[in-house]
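Read the numbers this way: they start at 1 and go in the same order the structure lists the ligands and their atoms. Numbering of residues begins at 1 and proceeds along the displayed sequence. Worth knowing before you read on, the calculation uses all heavy atoms, side chains too, and leaves out hydrogens, waters and symmetry mates. Please read these numbers as outputs of a predicted model, since none were measured by experiment.
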Amino acid sequence: MLKRLTLSAEKAYLFLGNESKALEEVLVSQAVRETMEYDVVIVGAGPAGLSAAIRLKQLDENLEIVVLEKGSEVGAHILSGAVLDPSGLNRLIPDWKEKGAPLDVPVKEDNFYILGEAGQIRLPNSVMPPLMNNHGNYIVSMGNVCRWMAEQAEELGVEIFPGMACSELVYGKTGEVKGVVAGEFGKNPDGSIGDSYEPGMELHGKYILLSEGARGSLSKEVIEKFNLDAECDVPKFGIGMKEIWEVDPEVHNEGEVTHTLGWPLGFKNSGGSFVYHLNNNQVYVGYIVDLNYKNPFLSPYMEFQQFKHHPKIENLLRGGKRIAYGARAVTKGGLQSIPKATFPGGALLGCSAGLVNLPRIKGNHNAMNSGIEAAESVYSAISDGRSGDLLPDYDVNLRNGVVGKDLKKVRNVAPLNARFGPLGGLILGGFDMWFQTIFQFSLFGSLKHGKSDAASTESAEKHKEISYPKPDGSISFDRLTNVSFSMTNHEESQPCHLQLGNPEIPISVNLPQFSEPAQRYCPAGVYEVVQTEENSSRFVINFQNCVHCKTCDIKDPSQNITWVTPQGGDGPNYPNM
Ligand SMILES: Cc1cc2nc3c(=O)[nH]c(=O)nc-3n(C[C@H](O)[C@H](O)[C@H](O)COP(=O)(O)OP(=O)(O)OC[C@H]3O[C@@H](n4cnc5c(N)ncnc54)[C@H](O)[C@@H]3O)c2cc1C
Ligand code: SF4
């Protein structure tokens, strides 16, 4: 399995620490980190990364391609709605039906409601812009679609290593990205080297494709290092939470898709729900809250739990069983927020570049299309004998090709939501999408997003605390009970992967100014402020519960939390999210 193995001597250090962390650094040995050479290294086995791998092999079966995935298996960290627009898959594997792709449930009914606390108004489908129509789309588990795509890739000869978190980038002599470090295991909680330390491997490639999804940790590093966001608007995100339910067959309607706005989030904050009926009496129930909310007392998780008590939803779930839970950030910046998508030695794919079409809540087709575009650009570069340089044609094709066209028509929806709230945004955004469908241009031009999600958080004194009803344990659940349904696991004796730039800030700044919102925005209850015996406050991070949604990295008002990869294989183990 190890091809063209070379050995690079790396210094390894033993840190002999005491409790005050004044570490004595002692060089103990010359640990060896294996180096494996590939044509292309792909980080992340989501729809973007797997599409790139498949297309590269379709173009040249002799290319050596590796895909590295931090989840314990492909699909374990994939969380999507998902209604899949199959346009990307049609392009990649036109005979996907014959090849047994798990697209078994065509959408047959599309509903859109505005909810009040006790009732709802249905918007007729005829007023919805044509691009919102789900006819021809499929309700899928993207986890299962990715598992199937991984099989297709392996049949073509792609090497896929799950359980391998890519924790560092490797830079070459001219500063280009030439590889990644993956599979480092066995560090002690203080960062020192443990008894079972494994230094991992360096995987080098002519090009490195980063397809880590929303707020990828290595993607964030290259965006900063190479100033890729110098000319784009700020990135925008939402937090999406999802449960899988098994419901009474009497109320199940395979192929039904429902989206809602309004209660309980109201019309000051943007967000809404999705309810997708797949097969086997299962229903995906989810809620997305835009992370530009101002009130630091808002809890996206509790909004989701409350939503399920709306009579329309409670009637569906009553007597049913919640069988899985998870959460993940979703990109919402669209066209204006796409950073330059290439850097020396590689490219950003899928939601690492932020390619979700917001009003459609769809990013999987764009993730696949970006994978295809990146693969075609890399193939042509390698065919010309190039390596380690920029892929400018990829960047151009992404913006001007199918992905750019898909995002262009909806580019003003997020800024209109931010300015006029979800109801005003619905009306003006709907008008803008209709207008562009007919006249091919927008009266608004291209609106800007304004503040980042972190900077949108206002001080606690400007807002009232929100008192959420206690979960009832049958329709709504507390966070920790729900996290146990994500099958999340982290080896406890490793460094905390939620790194504080300054450990004082949560208590000295965030608590007095923002009532430390991490206690509420984290959908897994990782962050707590506890009172000590001396009556002071202490910030506690229960990193074992982290479901890798990346919200803290995005929403912390002080931008003091950096999400880095824990040991490979740790994190959620989603079945069919
Ligand atoms: C709640 C929710 C609902 C959605 N609904 C829909 C929908 O209905 N339809 C639709 O089309 N889109 C939907 N989307 C958007 C869609 O899921 C994304 O656009 C899509 O997942 C992006 O694909 P990707 O390949 O870029 O990233 P991802 O699917 O996030 O895959 C990234 C992969 O990379 C791995 N990874 C990340 N970092 C590393 C690392 N450093 N080392 C190794 N592995 C790493 C991750 O574990 C993961 O497996 C939804 C998103 C959310 C959150
Ligand atoms: S700690 Fe951060 S990444 Fe982990 S679940 Fe909480 S908000 Fe998400």
Where on [X] is there a heavy atom closer than 4.0 Å to ligand 2, on the side chain, on the backbone, on both, or on neither?
X	value
Y527	side chain
L498	side chain
Y521	neither
V547	both

Checking contacts here: is it the side chain or the backbone of [X] that comes within 4.0 Å of ligand 1, counting heavy atoms only? Could be both or neither.
X	answer
N366	neither
T565	side chain
M142	neither

For atom 6 (Fe) of ligand 2, decide whether C522 has an N, O or S atom at a distance under 2.8 Å. yes
Between [X] and [Y], is NZ or CZ placed under 6.0 angstrom from the six-membered ring centre and within 45° of the ring axis?
X	Y	answer
K242	Y574	no
K187	F185	no
R520	Y301	no

Give the numbers and elements of all ligand 1 atoms closer than 4.0 Å to a heavy atom of [X].
X	value
I361	5 (N), 6 (C), 7 (C), 8 (O), 9 (N), 10 (C), 12 (N), 13 (C)
A48	25 (O), 26 (O)
L68	43 (C), 44 (N)

Electrostatic pair K70-E212, nearest N-O below 4.0 angstrom: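 The answer is no: the pair does not qualify as a salt bridge.
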In plain terms, say whether R33 and E184 are close enough for a salt bridge, that is, a side-chain N and a carboxylate O under 4.0 Å apart. yes
Just checking: C546, one of its N/O/S atoms, less than 2.8 Å away from atom 8 (Fe) of ligand 2, yes or no?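 Coordinating: no.
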Nearest non-hydrogen protein atom to atom 3 (S) of ligand 2, with distance, is K550 N, 3.1 Å
Q.
Looking only at protein heavy atoms, which one is nearest to atom 7 (S) of ligand 2, and what is the separation?
A.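 The closest heavy atom on the protein side is C552 N, 3.4 Å.
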Review point. Taking only heavy atoms of V526, which atoms of ligand 2 are found under 4.0 Å from at least one of them?
Key: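 Counting from 1, the qualifying ligand atoms are 1 (S), 6 (Fe).
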G286 heavy atom under 4.0 Å from ligand 1:
no
